[in-house]
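Below: one structure, written as structure tokens.
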Amino acid sequence: MENKLNVTIASRKTLTPQICEIEFRRPDGADLPPFECGAHIVVETPNGMARSYSLVNDETENDRYVIAVKRENGGRGGSLSMHTETAPGDILRISAPINSFGFVQAPKYLLIAGGIGITPIISVFRKLLRIGHPDFRLIYSTRSAETSPYLKELTAPKARDFTTIHHTSLRDGTRFDLWPTLKAPDERHIYYCGPTSLMNAIYAQTIHWPRSAIHSEDFAGVSATGADSRPFKVKKLATGEVFDIPADRSIVDVFRDAGLKPKSSCESGTCGTCRVRLIAGVPDHRDLVLGENERQSFFMPCVSRAFSEELTLDI
Amino acid sequence: MNGSIRFLYHYPIKGLTAQPLTLVDLRKGEGFPFDRVFGFARYDSGFDVDHPQPLPKDRFIVLVKEERLAGLRTRFDPRTRWLEIRITGHRAFEANLSTQEGIEAAVSFFSTMFDLKGDTRPIFAHAGSHRFTDVSVVSKEMMNAVSLINLESVKEFERKVGRKVDPMRFRANIYFDGWKPFGELDLLEREFSIGGARLKVVMRTRRCAATEVDPDTGKRDMSVPQLIMRHFGHPDMGVYAEVLEGGVVRPGDSIVLLG
């Protein structure tokens, strides 16, 4: 992680039974690096993992970062650690903000959030409300009112004029019908985030929209061990040590098993944390991060594999 | 080898949805009726309706670059030129492309979809019997070749990669089974009969990145050319064939190697 900084947990707040909000400030109270709405930071969790979280507070606030963390009991333990092993006053190490969403000036906006997918969307919503943008709408779909972070804020006077709330539990599990609003592409820019099923549905229903108008945050990503994976070897440049990578394990998995601590976050080739230099071998790039011009010399060991028998990595 | 025809398809508009056929009346030296006789050509394709020349596939809006095309379910009647586009089951567009207004509306639909503004808007291309098949650049004969996929080869590929491979990724005219896996690749210049027609294998089909696109989701989800190469040592799946003798072909007809 480049540009790391230490921050103090200034406060914690329970938003829903599963979601807590955590506020970071600099230990000395100084300003934090600026960010744009929709940006995320990578947090080193107390149990040693790296996790990406959207900044939910308004980009005009330069003295604090606020994140909302959903407790995932079935996950790899990063969010659980944030829930159970942090307290106000603790110091955590985080990355500088990464502006992945890219806020674009547009005459109209459509924001769509499903569940915890509200986190990269809420800061865009707050910005549009703050600047008095005349034409935007948030469609916020959750299971129920009790499981909906920021519901009170979004249904408060003024904000509610721009918000459509849909609780699936009140509609026999039926999802909000997005087609009427997505049928005809127009000047709107669409920002969306949510669980995989919602992401897929919106991708399909906006297939005819120009990509320049579509902005999404996908924390689900791709996998390193699909069925078309086969074993190969990785040579570590610094030591010359060679590691066997089985078909069903990623490079990061194997290095971790060996007691090493490769930098990694999303484990799905979407965040960029694990990037290393590629020294030799034919890479099978499977990430969604590296640009065409980077693929000659860089490599994402969390998902990517090899076409050659061996790769040499500066890892 | 003795097999059966399973499905027949044509693709009236290059790059858009496969359209099933229940019967094809093949003619000597001709391809499938109305197969790839229309296309949305890039603004800089050089397409000239009065002097149609074969164009490489990258001059069209096609799946190789634009996997999102697979997210559209299109239905085009080549006789009336009525185009309907459905998205996730909903009707998103319909127009008659025999009118200037209809063509303009369709060009606008694709211009919006692919961020092609002003001078870069595509052109609705068609020129009589001219076909925009991928191999049209090879020769006039190849332009009119029909494409075949041996479903046994696709099954063998599935076994190797350990996952489902939708044969529709390969966008062939004729899908058949009952021949040995990849046997068709070794039959260059050999003749075979299907229904009442006689054809000759003229070329192996080298696959491109269009096959990486899942026809159902419109996402690039599998490195098909690389995987074929890795497992079989070549990038080929299916063959092209030339019609030597015309005749009627239907699903269920047998496909028999001659000589």
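Here is the naming used below: chain letters follow the sequence lines, and residue numbers restart at 1 for every chain.
B/Thr112 touches chain A through backbone and side chain together, each having a heavy atom under 4.5 Å away. For B/Thr217, the part lying near chain A is the backbone, with the side chain staying farther off; criterion is any non-hydrogen pair under 4.5 Å. Of the two parts of A/Trp179, only the side chain, counted from C-beta on, holds a non-hydrogen atom closer than 4.5 Å to a non-hydrogen atom of chain B.
Remark: A/Ser250 OG to A/Ile245 CD1 distance equals 8.0 Å, nearest 0.5 Å.
A ring-centre distance under 6.0 Å is not found for B/Phe60 and B/Phe40.
The residues B/Asp177 and B/Arg6 are annotated as salt-bridged, a charged nitrogen and a carboxylate oxygen being separated by less than 4.0 angstrom.
B/Phe132 does not carry B/Arg36 over the face of its six-membered ring by the limits of under 6.0 Å from the centre and within 45° of the normal.
In terms of heavy-atom pairs under 4.5 angstrom with chain A, the leader among B/Phe110, B/Phe109, B/Phe114 is B/Phe109. Listed options A/Lys183, A/His208, A/Gln205 were ranked by heavy-atom pairs under 4.5 angstrom with chain B; first place goes to A/His208.
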Donor-acceptor list for residues 206-213 of chain B side chains, cut-off 3.5 Å, not counting sequence neighbours:
residue: B/Arg207; atom: NH1; partner: B/Met237; partner atom: O; Å: 2.8
residue: B/Arg207; atom: NH2; partner: B/Phe170; partner atom: O; Å: 3.0
residue: B/Thr211; atom: OG1; partner: B/Cys208; partner atom: O; Å: 2.8
residue: B/Glu212; atom: OE1; partner: B/Arg220; partner atom: NH1; Å: 3.3

